[in-house]
Protein chains: 2
Amino acid sequence: MASIQRTSPANDQRENGRQHVFDAIRQAGRIARIDIARETQVSPATVTAITSELLSAGLIEEITPEGDRTGAKRGRPRVALKVRGAAHLIAGIKISDRSATVILVDFEGQTVGEYDHELPGPVMSAEEIVDLVMRALAGACAAAGRHVREISGVGLGLAGLIDATRNFVHWSPSLDQRNVELGRMLSDAMPVPFYMDNDANLVAKAEQLFGEARNVSDFIVITIEQGVGMGIVIDGKIYRGERGCGAEFGHTKVQLDGALCRCGQRGCLEAYVGDYALLREANIRGSAQPEDDLSALYARAKAGDAMARSIFDRAGRMFAMGLANVINIFDPSLVILSGEQMTFDFLYGSDVLDRVKSSVVQVDAPLPEIRVHKWGDLMWAKGAAACAMEGVSELTIRNLGADAA
Amino acid sequence: MASIQRTSPANDQRENGRQHVFDAIRQAGRIARIDIARETQVSPATVTAITSELLSAGLIEEITPEGDRTGAKRGRPRVALKVRGAAHLIAGIKISDRSATVILVDFEGQTVGEYDHELPGPVMSAEEIVDLVMRALAGACAAAGRHVREISGVGLGLAGLIDATRNFVHWSPSLDQRNVELGRMLSDAMPVPFYMDNDANLVAKAEQLFGEARNVSDFIVITIEQGVGMGIVIDGKIYRGERGCGAEFGHTKVQLDGALCRCGQRGCLEAYVGDYALLREANIRGSAQPEDDLSALYARAKAGDAMARSIFDRAGRMFAMGLANVINIFDPSLVILSGEQMTFDFLYGSDVLDRVKSSVVQVDAPLPEIRVHKWGDLMWAKGAAACAMEGVSELTIRNLGADAA
DNA sequence: ATCATTTAATTTGATCTTTGAAAAAAATAG
DNA sequence: CTATTTTTTTCAAAGATCAAATTAAATGAT
């Protein structure tokens, strides 16, 4: 097995090069050595050296040249390289309040299998979560005709305040206790690297690796699930504040002494756009029977019900204000609004986006691009898989040097 | 003279090492080689090699050992190294609406001279600014008994939207035109590197090099002058969004469709806490003669005038809300509130800080530290000098390799 | 067919850096 | 005066990167 120890001094430099080259290959999908050299600013000689290492380690593979021959008409044809999917099997799991969704992907990011595991209840003990994860992984593997032992890394997505650097759960709505060393417990139950993070960062990773933010080094992702989440990527890395719990977009205040939030404070954005906030308003306004179905409320708004429409309107205005604040602070080049169906209609609509644009500081430079990305319900699990994939890549490449000895 | 060309491949690595070591020395003030090795994770052998280069280049110097002998009782005594102040003379200039303040510092950051230059008027043409800078530098040098030609770098602070990476002024209240290549014009007038930035980033640099944020890699600085500014430091570097004009804290919205801001939008924080916002309120409220002196208004508030007090109260509440939002988004380890006298009393008071703390998402981890830093009126110029100092250091060290050839 | 041409990839030799280990230097304790 | 301790420097070994030269693999032209 590979060891973590530092082997030789210059090995450090080489590891860096390997990481660079591998990233370039993953980003490009398929790319010839000469183009890697151009992109990474590394000499062709070194690219040859590094790719040959990666090839013999089985992490990448050559593509048998097809009849494309783009560009050049003469000369030795370039042979493209790509990540070798079979090199690793990666799992991503997202635990929501109803179920655990698992996705299996290969090292290229191709989906190998999906699986959904019902939850006994929305809140569990740490031991139950560990057990659940193990059974979900087993189920997913069985369904895909793979074996659990083939998995080389697992990403886990949880709502709440997660410290991803320590695989530590400050708090999660799925857990019945605070401050859990969940990462350690999982590693004890299954000897593969685990990677945990909160929902929004998950989606940020997914956008970066598979989605709208490929080749973008600074961007922001906003997601809406139960609450409102934000993922910040600066310089290619997820930014996670000091205590590992930054980007609490949902709890930025949009109104002085405003509506009561479930966090106990007043005026949080979430207290205006969250599910419970919308339903609360609908109920207060004197409807005969208590409203508890958001889609029904939404249907009424669409049908023209003034009261229902007003509820969604205010949510949209507040959301626009919060988002504009984030843009004013970060001035990112790209903002991605990720979400599922309904979110789009009432929060990601053009009227809201227009409002955002008119609330951003104006300069003689184009406004940041706001892109809307409609994912399927596997978005979260895919993000978890993306995190694990990144982690496994880094680990494998680091260990290449040590193993060579 | 030194050239910018890349010399050898591995030179890159060496430059990195030099930069690291030099930073360690500057940060520590005085430090022995063995401790540099410990801190930078570089071997003692390499530290010796690098420091000997820096020594012979005159950038650092050995300190004649004094009778301290901290710690160890036997063995060869460590000789401390420090930055050699005489290596460079650096100037920092801040242009406000009334005057241009110049500070001269040596390479250690020690103040060598100060100088204040009256402005003909608050708004000038680009040519007038260039001229003004030249005359201010000359004046400062004359007063300090130095020659302008000794200066190796100049930092310039301006209010407005500045793109520091290109030394480009999108807009500044001091300039009568937009989109000015001020950096190029200055370089044409005087052949030294110029470094420009907006006020808040300036102060952030000053805090990082000379102030409260030494050895802190992630922090936020809030400053109040005419408007409200923010500087963000992530991973030791100033964060400047995509268009080079992020961190527009003053124009984050704290009220939906709120008070009119001079930027033309509604609800900006600045429209509640800026000088003009406070005076505007005071005047609207039916006082006999128009109020145009903020300190008079403030005195009335302190004396118990309910109306005046209410004005400052609201400003404080809005400020707290905006600051809490920033903290919720960034989760920084340190927030520094930098400013001059009056700001403290009504915005940086304990009641406002308490309000901030109670609006931040609560976790089982200590809240970010909020430190208040009262600078003299040289704060801005010092920040400009800090920027220049950093730039000159980097440049000098980069050129070491080239010059050696 | 064969050869010149073109482009991609690999090999080779030189240059540099970093580092561990050994040596030297500079002090104190006994 | 010698042994010990700690810091600094020297030295040789181990790699890494790159420019230049070479090889490989195609197409066009004659």
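Chain letters run A, B, ... following the sequence lines, proteins first and then strands; every chain starts at 1.
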Rounded distance (Å) that lies between atom [atom2] of [N] and atom [atom1] of [X]:
X	N	atom1	atom2	answer
Ile50(B)	dC16(C)	CD1	P	16 Å
Asp12(B)	dT15(C)	CG	P	19 Å
Ile63(A)	dA9(C)	CD1	P	13 Å
Leu55(A)	dT10(C)	CG	C1'	13 Å
Glu53(A)	dT17(D)	CD	C1'	13 Å
Glu62(A)	dA8(C)	CD	P	15 Å
Glu39(B)	dT7(D)	CD	P	14 Å

Is it the case that the side chain of [X] and the backbone of [Y] share a donor-acceptor pair, with hydrogens and angles ignored and the cut-off at 3.5 Å?
X	Y	answer
Arg371(A)	Glu212(A)	yes
Tyr239(A)	Gly231(A)	no
Arg84(A)	Gly58(A)	yes

So if I take every side-chain heavy atom of [X] and compare against [options], which nucleotide ends up nearest?
X	options	answer
Arg14(B)	dT18(C), dA25(D), dT10(C)	dT18(C)
Arg76(B)	dA26(C), dA8(C), dG20(C)	dA26(C)
Arg78(B)	dT18(C), dC18(D), dT7(D)	dT7(D)
Thr48(B)	dT10(C), dA9(C), dT9(D)	dT9(D)
Ala45(B)	dT8(D), dC11(D), dA9(C)	dC11(D)
Arg74(B)	dA9(C), dT28(C), dG20(C)	dT28(C)
Ile34(B)	dT8(D), dT11(C), dT10(D)	dT8(D)
Arg33(B)	dA26(C), dT8(D), dT17(D)	dT8(D)

Next on the checklist: Categorize Val79(B) for me: base, sugar-phosphate, or nothing, with a 4.0 angstrom heavy-atom threshold over every strand shown.
Outcome noted: sugar-phosphate

Next on the checklist: Under 4.0 Å, heavy atoms only, any strand: does Val42(A) hit a base, just the sugar-phosphate, or nothing?
Outcome noted: sugar-phosphate

Checklist entry - Within the pair Ser43(B) and dT18(C), is there a side-chain N or O less than 4.0 Å away from OP1 or OP2? => result no

Next on the checklist: Using a strict threshold of under 4.0 Å (side-chain N to carboxylate O), is an ion pair present between Asp35(B) and Arg38(B)?
Outcome noted: yes

Checklist entry - Is there a ring pair (Phe, Tyr, Trp, His ring centres under 6.0 Å) between Phe22(B) and Phe107(B) once you walk through the steps? => result CA-CA 12 Å; Phe22(B) 185 78; Phe107(B) 205 42; 5.7 Å; yes

